[in-house]
Enquirer: 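Quick one: this structure, given as structure tokens, is what I'll be asking you about.
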Amino acid sequence: MTKYIVQGGKPLFGEVEISGAKNAAVAIIPAALMVDGTCRIENIPQISDVTRCLKILEQLGAQIRTINRHTVEINCSRIHSTRTSQELARKIRASYYLVGALLGRFGRAEVAMPGGCNFGGTRPIDQHVKGFSSLGAKVVVEGGFIHASTDSGRLKGANIYLDVVSVGATMNIMMAAAMAQGNTVIENAAKEPHIVDLANFLNSMGANVRGAGTDTIKIQGVDRLRGGSYAIIPDQIEAGTYMAAVAAAGGQVLVKNIIPKHMDCITAKLVEMGVEVEEHEDTLLVRRTGNLQRTNVKTMPYPGFPTDMQPQITTVLSLAEGTSLVTEGVWSNRYRYVDELRRLGANIQVDEKTAVVEGVDHLTGAPIQAYDLRAGAAMVIAALAAHGESEISCVQYIERGYEDIVEKLRRLGADIRAVEEPGDSGELEAHIG
Ligand code: EPZ
């Protein structure tokens with residue numbers, strides 16, 4: 001088991017390079033299953049969720065060639081199975097994308113149900129199922145597997161209205177429809193940057209997807225996707241996490257390899273809090289010297305403030321002057337980490353979807369635990385800002401989504417190190433993402 005030991009209270013200075021977007025990569029890699037030929041994918045983040053996705057593809061018969069740390073070539077011309085193993089697929093939430101990809105290309109899929117969720121509440125997939133059924137698939141959940149199949153071996157285009165704005169359902173239906181017979185329209189689609197990224201990937205392989213990034217996506221099914229080359233967009237949430245770290249710990253950092261437009265929703269809130277953010281072509285200079293000011297934050301689908309930045313911004317607000325309100329508008333319960341922040345001296349009360357954050361003068365280091373990926377990132381931010389030493393356990397959650405986080409922070413002058421301790425991390429396998 002790995003732990004992070006952090007001596008906090010040191011401002012951050014320097015430059016940080018942002019990796020490829022996790023939530024784009026975990027969809028684009030399964031989408032490679034639809035391609036009859038070789039696809040070269042660049043800017044892949046080196047994180048454990050990606051490693052798992054690639055392993056699943058390999059088990060299904062994909063040939064994978066690692067070109068360098070961030071580039072792979074995937075050839076799915078000889079897929080021999082449309083059934084995933086329980087073991088790997090259950091460990092990542094994004095394994096649901098395998099259903100859309102396999103069903104789209106082969107007309108059938110058997111994928112182990114994605115695991116339960118760690119930030120509380122349920123994570124239903126009814127909108128994914130609704131989409132597949134509208135496209136003519138029969139979908140049943142049996143023996144821990146999602147079984148999806150078609151009589152004719154090919155899906156048929158349809159008009160699908162999503163009852164909830166769902167990132168996963170939008171991407172999954174987009175994949176399935178890319179090779180369906182005829183046209184599909186997805187209404188009330190999610191608009192996150194990774195949705196546009198998946199559409200661009202599919203189009204670069206020969207698909208015909210229009211309107212991604214708006215709430216109406218139109219897909220003209222094609223018979224075949226051929227090989228090609230594609231680079232994944234930078235990770236909006238990773239960038240936001242480093243911006244939040246500078247806001248909490250102070251200092252000045254150049255956040256590199258980002259798309260500033262994707263950062264607007266996060267930048268706007270940090271600026272309201274008194275953080276200075278200077279925008280350049282593909283970098284942001286983030287500086288915090290004075291005190292942090294209170295503000296209110298409500299999470300919502302893009303272009304709203306992202307739920308995946310909620311724990312990080314709440315942590316920053318715990319150090320702002322005055323009382324801030326944070327409202328979680330996407331998930332039913334994503335405040336489990338607040339108990340850990342309280343251990344460091346934060347003053348936060350949670351009432352269902354709202355956290356009332358009374359800013360404190362400083363946090364004080366303590367042993368804390370990462371409950372999930374973004375909660376874990378929040379713990380790192382809190383520990384960097386806190387006076388004294390913190391020990392963060394269960395960091396395997398963090399490493400699912402943040403490439404080289406310890407190294408990147410050390411280069412910014414943070415006093416953080418990873419230490420190995422004997423112990424069994426098996427039961428702590430993450431199920432969200
Ligand atoms: C994606 O999850 C992300 N995961 C999550 O990021 C992120 O929090 C979430 O989108 C929202 O932005 C990946 O991309 C792998 P949703 P997803 O379907 O697709 C309800 C992280 O930290 N809903 O957009 O599973 C659902 O309950 C992770 O990187 C239904 O009711 O989220 C939720 O309230 C955590 N029925 C809302 O919609 C459905 O069929 C949004 O969920 C699907 C969703």
Side-chain angles (χ1 to χ4, degrees), residues 19-31 45 47-50 52-53 89 91-100 113-134 139 141 146 160-175 186 188-198 215 232-233 235-241 262 265-266 299-312 328-334 336-337 353 370-378 397-402 430-433:
S19 302
K22 165 199 162 247
N23 287 345
V26 297
I28 286 174
I29 294 168
I47 50 176
S48 57
D49 264 18
V50 159
R52 284 176 177 146
C53 279
K91 286 180 184 161
I92 47 169
R93 180 76 193 166
S95 55
Y96 51 41
Y97 292 130
L98 298 161
V99 183
M113 277 290 276
C117 135
N118 247 28
F119 45 74
T122 54
R123 293 189 69 175
I125 55 162
D126 58 295
Q127 296 304 305
H128 304 235
V129 174
K130 173 180 167 170
F132 298 145
S133 305
S134 303
V139 187
V141 178
I146 306 167
I160 300 159
Y161 178 86
L162 294 180
D163 303 317
V164 204
V165 181
S166 159
V167 172
T170 303
M171 307 242 261
N172 228 342
I173 298 167
M174 196 197 292
M175 273 190 240
I186 310 174
N188 200 25
K191 297 182 276 207
E192 269 66 6
H194 32 292
I195 287 170
V196 180
D197 211 33
L198 174 65
D215 49 22
I232 289 174
I233 51 163
D235 197 309
Q236 175 207 31
I237 305 298
E238 189 198 15
T241 300
H262 294 168
C265 40
I266 299 165
T299 70
M300 45 180 103
Y302 190 81
F305 188 88
T307 173
D308 294 344
M309 277 297 298
Q310 184 259 98
Q312 302 91 312
E328 175 54 54
V330 176
W331 296 108
S332 53
N333 179 355
R334 206 174 185 177
R336 215 172 135 202
Y337 66 90
K353 291 193 160 199
Y371 275 119
D372 63 53
L373 170 60
R374 308 303 173 189
Y397 290 127
I398 303 171
E399 294 177 354
R400 292 184 44 221
Y402 288 90
H431 290 309
I432 71 147

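As the structure is a computational prediction, the values presented were derived from the model and not from experiment. The first residue of the sequence shown is numbered 1, and numbering continues consecutively from there. Each ligand, and each atom within it, is numbered from 1 in the order the structure gives.
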Enquirer: Side-chain donor-acceptor pair under 3.5 Å between Tyr337 and Gln310, yes or no?
Expert: yes
Enquirer: Identify, with sequence neighbours excluded, every residue that meets ring pair (Phe, Tyr, Trp, His ring centres under 6.0 Å) alongside His194.
Expert: none
Enquirer: What atoms of ligand 1 come closer than 4.0 angstrom to any heavy atom of Gly168?
Expert: 18 (O), 19 (O)
Enquirer: Say whether Thr299 and Glu328, considering side chains only, have a donor N or O and an acceptor N or O under 3.5 Å apart.
Expert: yes
Enquirer: Of the listed options (Val167, Val165, Asn23, Thr299), which comes nearest to atom 14 (O) of ligand 1 when hydrogens are ignored and any heavy atom counts?
Expert: Asn23
Enquirer: In terms of side-chain heavy atoms, does Gln312 have a donor or acceptor partner in Thr241 at a distance below 3.5 Å?
Expert: yes
Enquirer: At a non-hydrogen distance cut-off of under 4.0 Å, which region of Val330 contacts ligand 1 (side chain, backbone, both, or neither)?
Expert: both
Enquirer: So if I count the atoms of ligand 1 from 1 in the order they appear, which ones are less than 4.0 Å from some heavy atom of His128?
Expert: 40 (O)
Enquirer: For ligand 1, is Tyr302 a contact, meaning one of its heavy atoms is under 4.0 Å away?
Expert: no
Enquirer: Contact between Ala190 and ligand 1, counting heavy atoms under 4.0 Å?
Expert: no
Enquirer: Can a salt bridge be assigned to the pair Asp308 and Arg334 using a cut-off of 4.0 Å between side-chain N and carboxylate O?
Expert: yes
Enquirer: Does ligand 1 have an atom under 4.0 Å from some heavy atom of Lys22?
Expert: yes
